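Presented below is the structure to which this report refers.
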Number of protein chains: 2
Amino acid sequence: MILSEQTHLKNSESEMRFYQGDCLDVLEQLPDSSIDLIMTSPPYADSRKNTYGGILPERYVEWFLPRAAQFLRVLKPTGTFILNIKEKVVEGERHTYVLELILALRKQGWLWTEEFIWHKKNAYPGKWPNRFRDSWERCLQFNKQRQFVMYQDAVKIPMGDWSKRRLKYLSDVDRHRDTSKAQSGFSKKVTNWLGRAQAYPTNVLHLATECTNKQHSAAFPAALPEWFIQLFTQVGDWVLDPFMGSGTTCHVAKKLERNSIGVDLHQVHVKLARGEL
Amino acid sequence: MILSEQTHLKNSESEMRFYQGDCLDVLEQLPDSSIDLIMTSPPYADSRKNTYGGILPERYVEWFLPRAAQFLRVLKPTGTFILNIKEKVVEGERHTYVLELILALRKQGWLWTEEFIWHKKNAYPGKWPNRFRDSWERCLQFNKQRQFVMYQDAVKIPMGDWSKRRLKYLSDVDRHRDTSKAQSGFSKKVTNWLGRAQAYPTNVLHLATECTNKQHSAAFPAALPEWFIQLFTQVGDWVLDPFMGSGTTCHVAKKLERNSIGVDLHQVHVKLARGEL
DNA sequence: AGCTCTTATGAATCATTGA
DNA sequence: GTCAATGATTCATAAGAGC
């Protein structure tokens with residue numbers, strides 16, 4: 001029943017596979033150690049009873065763990081699991097299920113390697129008497145072993161003010177010499193400067209949330225999976241999103257020529273990811 | 001033996017009291033429900049044996065809890081406890097003692113109201129094969145009850161580029177009167193000037209670490225306690241830093257006309273805070 | 001006064017060496 | 001072997017000097 005829902009969208013570069021169903025069941029059919037990166041934003045805990053797939057905060061860990069066991073199995077030993085998650089505020093307090101989940105995942109065998117902070121530059125507006133706007137989320141990194149693959153050069157970023165000033169200075173100095181010449185010489189020079197003026201990022205990511213998708217709110221902006229896919233995979237590797245939603249992760253993976261597998265409980269999401277809606 | 005170390009530095013606006021000793025003992029002499037804000041950066045866990053006051057990660061929670069019990073007692077019901085802390089990386093993993101501490105503090109009766117992110121703009125340099133530079137720390141907010149006092153208007157920040165330029169100009173003009181640091185600690189004058197172009201901040205704070213203190217490294221830049229003192233106290237209130245180090249929190253409190261109590265295990269820190277070195 | 005440029009340095013982490 | 005100390009790596013700032 002599940003594999004019949006599978007869709008192959010293959011081209012010369014990479015393929016996307018979409019499955020409808022609970023990842024707990026669907027992933028059983030994937031072989032061990034076959035995935036390079038699991039990047040997902042699971043359904044957040046929700047206290048509303050009749051919500052579409054909401055999980056009670058109190059039961060979040062027990063709901064998550066058997067699925068994480070499948071993640072652990074299908075992930076390559078050198079692979080990485082990135083979990084974008086945020087705790088819900090319940091009765092004025094941050095709920096502790098994310099903390100408990102981290103502890104439980106370690107007991108399951110995961111290493112809690114890092115916690116990246118996704119700083120949302122355009123936080124949702126609002127005002128409350130004893131709370132400011134929440135403008136960050138956790139991106140938890142888990143691994144199977146201390147030695148994992150990481151392609152740091154793929155996510156280098158332009159340096160800050162120093163290179164800007166440097167660049168401004170360069171363009172001022174070379175302006176009169178290069179204006180009459182062909183553009184290529186100058187631009188090459190600038191490119192070289194820019195090439196050197198790249199720095200490794202930190203564990204804080206500054207990204208705006210996307211406001212493009214008005215129909216279905218994306219769980220995260222494309223730039224988020226893009227960053228992690230470039231950091232933890234190479235062309236041709238396999239990316240898995242077990243709670244794909246509208247399929248952002250898979251489509252970004254395809255753009256970057258990675259193969260991907262997306263799973264979602266809801267048929268409407270699978271159709272959306274396939275582009276059938 | 002402890003109260004004899006007490007120093008009163010009183011003036012018309014506020015007083016600072018410094019005590020040498022373990023806050024576990026010193027705080028016993030403070031009355032119940034007398035403190036409006038506890039703002040502190042405790043000694044971080046440390047694996048080195050001979051370090052000056054280092055606590056093993058494995059024993060961090062059990063070391064912290066009895067002290068936190070005193071904090072709970074001396075804090076007013078409407079008061080706030082801000083804990084600036086970061087977990088150490090041990091054997092390639094983030095250690096879990098901070099997570100366990102949050103869970104243990106809740107069992108002790110604290111409410112885990114909020115987690116602010118202090119984004120350190122100038123993170124420590126370094127490069128490693130499977131880790132980026134760590135450029136953030138947690139500022140955990142705990143309360144005794146859901147109803148606590150919070151003065152949001154005191155930490156409004158200027159909006160947009162126009163006001164940034166305006167602010168720069170203003171700070172140049174009033175350099176000797178106002179702190180030149182952005183965002184926090186600005187006088188009412190600035191508030192009036194920029195009254196319209198102000199917004200409430202989020203729960204992400206962008207501050208550089210301070211590079212001024214060459215002798216003793218400050219645990220945090222003055223702007224950090226400044227922000228929380230303005231947010232959670234009024235003039236004349238009482239601020240406590242049970243691990244004061246060089247006394248940054250107390251001196252900021254005095255500047256803002258709050259009373260303060262600073263405690264530190266080491267005589268050299270107390271002398272430093274008093275200005276005797 | 002407004003720039004440009006130099007230099008020092010900050011709650012770091014990992015791999016290696018030595019006891 | 002285990003534990004502790006040392007060296008290599010490297011960027012955003014502020015402060016200060018020079019033009």
Side-chain angles (χ1 to χ4, degrees), chain A residues 111 113-115 141 146-148 150 152-153 155-173 196-204 206, chain B residues 40-58 60 83-95 97-98 118-139 165 168-169 171-173 175 179-183 205-225 241 243-246 248-249 264 266 269:
Chain A
L111 302 178
T113 306
E114 181 56 297
E115 179 168 337
Q141 177 189 344
R146 285 188 63 176
Q147 258 66 31
F148 55 87
M150 191 180 198
Q152 299 191 354
D153 289 339
V155 294
K156 275 189 165 180
I157 54 173
M159 283 171 76
D161 288 339
W162 177 82
S163 64
K164 278 179 203 160
R165 270 184 272 126
R166 198 75 177 178
L167 200 61
K168 182 169 177 290
Y169 170 72
L170 192 71
S171 64
D172 285 345
V173 164
R196 295 205 174 191
Q198 297 233 319
Y200 293 102
T202 70
N203 56 358
V204 176
H206 299 272
Chain B
T40 197
S41 184
Y44 291 0
D46 200 329
S47 316
R48 288 171 296 178
K49 279 180 182 169
N50 292 330
T51 192
Y52 210 50
I55 299 102
L56 290 174
E58 293 75 21
Y60 200 83
L83 181 62
N84 166 227
I85 196 166
K86 194 184 79 164
E87 55 266 350
K88 189 178 164 57
V89 172
V90 176
E91 296 179 8
E93 266 193 292
R94 279 187 176 252
H95 203 281
Y97 60 87
V98 174
W118 168 25
H119 173 221
K120 294 183 279 189
K121 290 188 293 186
N122 57 342
Y124 207 90
K127 184 180 184 313
W128 307 275
N130 52 11
R131 185 172 292 281
F132 286 137
R133 289 173 301 142
D134 195 10
S135 69
W136 65 278
E137 294 193 15
R138 306 177 197 277
C139 290
R165 267 182 274 121
K168 183 172 179 288
Y169 169 74
S171 69
D172 286 343
V173 167
R175 192 186 299 265
T179 61
S180 58
K181 301 235 179 281
Q183 290 194 355
L205 285 74
H206 298 272
L207 301 174
T209 57
E210 256 167 16
C211 308
T212 51
N213 255 356
K214 297 182 182 180
Q215 294 279 354
H216 294 259
S217 61
F220 42 55
L224 195 69
D241 187 345
F243 309 100
M244 69 168 171
S246 57
T248 304
T249 300
D264 203 282
H266 306 298
H269 281 156

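No experiment lies behind these values; they were computed from the predicted model shown. Quick note on labels: first sequence line is chain A, next is B, and so on, each numbered from 1.
- Using a 4.0 Å heavy-atom distance criterion, B:Ser41 is classed as a base contact.
- The local environment of CD in B:Glu58 is crowded, with over 12 non-hydrogen atoms from other residues, nucleotides or ligands closer than 6.0 Å.
- Summarising the geometry, the separation between NE2 on B:His206 and C1' on D:dT13 is reported as 16 Å, rounded to the nearest angstrom.
- Qualifying ring-ring contact (aromatic ring centres under 6.0 Å, His included) partners for B:Phe243, counting only residues two or more places apart in sequence or in other chains: B:Trp63.
- Between the OH atom of A:Tyr200 and the P atom of D:dT10 there is a distance of 7 Å, given to the nearest Å.
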Let me have a per-nucleotide readout for nucleotides 13-19 of chain C, 5' to 3', with B, S or -, counting only protein heavy atoms under 4.0 Å. BS-----
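- Remark: A:Tyr200 pairs with A:Asp153 by the side chain to side chain donor-acceptor pair (under 3.5 Å) rule, at least two apart or across chains.
- For the side chain to side chain donor-acceptor pair (under 3.5 Å) with B:His206, the qualifying choice from B:His119, B:Lys121, B:Lys120 is B:His119, the only one to do so.
- Rounded to whole angstrom, the span from the CG atom of B:Asn122 across to the C1' atom of C:dT7 amounts to 15 Å.
- When rounded to the nearest whole Å, the span between NZ of A:Lys156 and C1' of D:dC11 equals 12 Å.
- In this structure B:Tyr97 satisfies the ring-ring contact (aromatic ring centres under 6.0 Å, His included) test together with B:Tyr60, B:His95, sequence neighbours excluded.
- Using a 4.0 Å heavy-atom cutoff across all strands shown, A:Pro201 reaches no nucleic acid atom at all.
- Distance CG/B:Asp134 to OG1/A:Thr202: 8.5 Å, rounded to 0.5 Å.
- The interatomic distance linking B:Leu207 (CG) with D:dA12 (P) rounds to 17 Å, in whole Å.
- What separates CD1 of A:Ile157 from P of D:dT10 is a distance of 15 Å, to the nearest Å.
- At a threshold of 4.0 Å, the pair A:Glu115-B:Arg138 counts as salt-bridged, since one of the basic side-chain nitrogens sits closer than that to a carboxylate oxygen.
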Output field dot_bracket for DNA chain D (Watson-Crick or G-U, both distances under 3.5 Å, | for other-strand pairs) contains .||||||||.|||||||||
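- D:dA12 and C:dC14 have their C1' atoms separated by 22 Å, with the value rounded to a whole Å.
- Among the nucleotides C:dA12, C:dA11, D:dC11, the one closest to the side chain of B:Pro125 is D:dC11.
- A straight line from OH of B:Tyr124 to C1' of D:dA8 spans 12 Å, rounded to a whole angstrom.
- Put simply, the residue from B:Leu205, B:Leu224, B:Leu83 that forms a side chain to side chain contact (heavy atoms under 4.5 Å, CB included) with B:Cys139 is B:Leu224.
- Residues forming a side chain to side chain donor-acceptor pair (under 3.5 Å) with A:Gln141 (at least two apart in sequence, or on another chain): A:Asn143.
- Atom pair B:His119:NE2 and C:dG10:P shows a separation of 19 Å (rounding to whole Å applied).
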